[in-house]
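Since the structure comes first, as structure tokens, the remarks are kept for the end.
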Amino acid sequence: MAGYVLHHYNIVDRSRIDELGPMSLPIVEEYGGELIVASPVKTLAGSSPYASMVIYKFESFEAALRFYQSPEMAELAKFRNQVIEGFVTVLPDHPETENVVKSG
């Protein structure tokens with residue numbers, strides 16, 4: 001069952017945004033993840049203050065957490081937070097949702 005890391009964000013420094021992907025992907029791959037989405041988004045209902053999204057897929061919710069909480073991502077966050085603003089969340093695949101909810 002998969003786990004996902006979702007970044008929903010706005011670009012605040014367009015002059016450096018092209019550096020972020022090449023810095024991120026080796027870390028994603030090191031933790032067994034793959035890039036699923038990297039795109040501007042079109043909100044169809046409601047509203048969102050954020051215009052772009054990146055989604056990474058991992059083998060499990062726990063693997064997604066290990067990736068996001070890794071020392072490599074903590075270091076990358078220093079740069080990422082200068083280039084984008086928004087939020088990051090980790091999501092379980094539907095079959096894994098009950099286990100994640102029970103674990104808190």
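If you chain together hydrophobic residues whose side chains sit under 4.5 Å apart, Leu6 and Phe67 never meet in one group. Hydrophobic clustering, with ILVMFWY side chains joined whenever heavy atoms are under 4.5 angstrom apart, keeps Tyr50 apart from Leu20. Criterion: ILVMFWY side-chain heavy atoms under 4.5 Å apart, direct or through other members. Under it, Val83 and Met73 are part of a common hydrophobic cluster. With hydrophobic clusters built from ILVMFWY side chains whose heavy atoms lie under 4.5 angstrom apart, Leu65 does not share a cluster with Leu91.
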Ile11/Asp13 under side chain to side chain contact (heavy atoms under 4.5 Å, CB included): CA gap, chis, key distance, verdict: CA-CA 6 Å; Ile11 300 167; Asp13 187 344; 5.6 Å; no
Step by step, would you call Ile55 with Val5 a side chain to side chain contact (heavy atoms under 4.5 Å, CB included)? CA-CA 6 Å; Ile55 301 174; Val5 173; over 6 Å; no
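Using a 4.5 Å cut-off on side-chain heavy atoms (C-beta onward), Val88 and Tyr9 make no contact. Proximity of Asp93 to Tyr4: side-chain heavy atoms (C-beta onward) are separated by under 4.5 Å at one or more points. Using a 4.5 Å cut-off on side-chain heavy atoms (C-beta onward), Phe79 and Arg16 make contact. The closest side-chain heavy-atom distance from Ile84 to Ile17 is below 4.5 Å. Counting heavy atoms from C-beta on, the side chains of Tyr56 and His7 come closer than 4.5 Å.
Residue Glu59 comes nearest to Ala63 through the heavy atom pair CG-CB, 3.8 Å, listed as atom of the first residue, atom of the second, then distance. Across all non-hydrogen atoms, the minimal contact from Ala64 to Gly3 is CB-C, 4.0 Å.
Checked against Ser48 for a side chain to side chain contact (heavy atoms under 4.5 Å, CB included), the options Asn10, Val41, Thr43 give a single hit: Thr43. With Lys57 as the partner, the side chain to side chain contact (heavy atoms under 4.5 Å, CB included) test is satisfied by one option alone out of Val37, Val28, Ile36: Ile36.
Between Ile27 atom CD1 and Leu76 atom CG the span is 4.5 Å, to the nearest 0.5 Å. A distance of 5.5 Å separates NE2 in His8 from CZ in Phe87, rounded to the nearest 0.5 Å. To the nearest 0.5 Å, atom CD of residue Glu75 and atom OG of residue Ser70 are 10.5 Å apart. Here the CE-NZ distance, from Met53 to Lys42, works out to 14.5 Å after rounding to the nearest 0.5 Å. Atom CD of Glu62 sits about 9.5 Å away from atom CE of Met1, to the nearest 0.5 Å.
Of the N and O atoms on the side chains of Tyr31 and Glu72, at least one donor lies less than 3.5 Å from an acceptor on the other residue.
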